Amino acid sequence: MPRQLGELEDAVMTRVWQWNRPVTVREVLEDLQQERSIAYTTVMTVMDNLHQKGWVRREVSGRAYRYTAVSTRAAYSAALMNEAWSKSDNPAAALVAFFGMMSAEQREALNDAVRIVQRDTPEQGGEEPPEEAEEGRAAGGEAAAGR
């Protein structure tokens, strides 16, 4: 399980994830300098640390490295949530408390995610999820009516 990124690691990874392409230390540095005073060597060290920790891969490009994210921000966030939830002595209560902290938009995103997982996960016992069963009946009914 991943440990939470530090503040500067997160700032660097945010750019790598957002840009979604191989990036150089110089590119990240120039973007970070719009918000804070920071040295090239600091950014280089952070990116090297992220490489050592397995967050980014790098390839030589001339005299520099180009760094690419190994996974997505969504996967990172999911792993952190799963780690925190798995450490709870009462997972159901932790989920209830977590859901209670959510905004209406976050709850809607959660509902959308549950629908996607239910749609993409085979049901136990070979039964179709209700939405797919209704769609199947509707399609079957139309085909039967057309005979």
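Keep in mind that what you see is a predicted model, and the values were worked out from it rather than measured. Start at 1 with the first residue, then count along the sequence. Note that these values count all heavy atoms, side chains included, but never hydrogens, waters or copies made by symmetry.
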Practice prompt. Take Val23 and Arg21, measure what side chain to side chain contact (heavy atoms under 4.5 Å, CB included) needs, and give me the verdict at the end.
Written response: CA-CA 6 Å; Val23 300; Arg21 62 174 172 76; 3.7 Å; yes
When rounded to the nearest 0.5 angstrom, what is the spacing between [atom1] in [X] and [atom2] in [Y]?
| X | Y | atom1 | atom2 | value |
| --- | --- | --- | --- | --- |
| Trp19 | Thr68 | CH2 | OG1 | 12.5 Å |
| Asn111 | Ile116 | CG | CD1 | 11.0 Å |
| Leu32 | Tyr40 | CG | OH | 13.0 Å |
| Trp85 | Leu80 | CH2 | CG | 15.5 Å |
| Gln106 | Phe98 | CD | CZ | 7.0 Å |
| Glu7 | Glu9 | CD | CD | 10.5 Å |

Practice prompt. Identify the heavy atoms of Phe99 and Leu110 that sit nearest to each other, and give their distance.
Written response: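 So the minimum-distance heavy-atom pair works out to CE2-CD2, 3.5 Å.
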Discussion item. Looking at every non-hydrogen atom in both residues, tell me the closest pair between Met44 and Val25 and how far apart they are.
Written reply: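 Distance-wise, the nearest heavy atoms are N-CG1, 3.7 Å.
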Item to complete: Determine the sole option in Met13, Met47, Arg66 for which the side-chain contact (heavy atoms from CB on, under 4.5 Å) test with Val56 is passed.
Response: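 By the side-chain contact (heavy atoms from CB on, under 4.5 Å) criterion, Val56 pairs with just one of Met13, Met47, Arg66: Met13.
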Discussion item. Quick check with a 6.0 Å cut-off and a 45 degree axis cone: is Arg58 positioned over the face of Tyr65's six-membered ring?
Written reply: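 Judged by the rule (NZ or CZ under 6.0 Å from the ring centre, within 45° of its axis), Arg58 counts as positioned above Tyr65.
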Worksheet entry | Side-chain ion pair, Arg115 and Glu108, N-O less than 4.0 Å |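 Salt bridge present between Arg115 and Glu108.
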Worksheet item: Between Glu27 and Arg15, does at least one N-O distance fall below 4.0 Å, as a salt bridge requires?
Response: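 Judged by the 4.0 Å cut-off on N to carboxylate O distance, Glu27 and Arg15 do not form a salt bridge.
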Does one hydrophobic cluster hold both [X] and [Y], with members joined at side-chain heavy-atom distances below 4.5 Å?
| X | Y | result |
| --- | --- | --- |
| Met101 | Val114 | no |
| Met81 | Val96 | no |
| Val16 | Val70 | no |

Discussion item. Show, in sequence, the C-alpha distance, side-chain angles and deciding distance for Arg73 and Asp10, and conclude whether the salt bridge (Lys or Arg N to Asp or Glu O under 4.0 Å) test is met.
Written reply: CA-CA 10 Å; Arg73 178 154 207 132; Asp10 186 69; 2.6 Å; yes
Discussion item. Would you say that Leu5 contacts Trp55 through its side chain, given a criterion of any heavy-atom pair below 4.5 Å between the two side chains?
Written reply: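 Answer yes - side chains close enough.
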Practice prompt. Indicate yes or no: at least one non-hydrogen side-chain atom of Ile38 is less than 4.5 angstrom from one of Leu8.
Written response: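 Counting from C-beta outward, Ile38 and Leu8 do come under 4.5 Å.
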Worksheet item: Short question: side chain of Thr72, backbone of Ala75 - any donor-acceptor pair under 3.5 Å?
Response: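 Such a contact is found between Thr72 side chain and Ala75 backbone.
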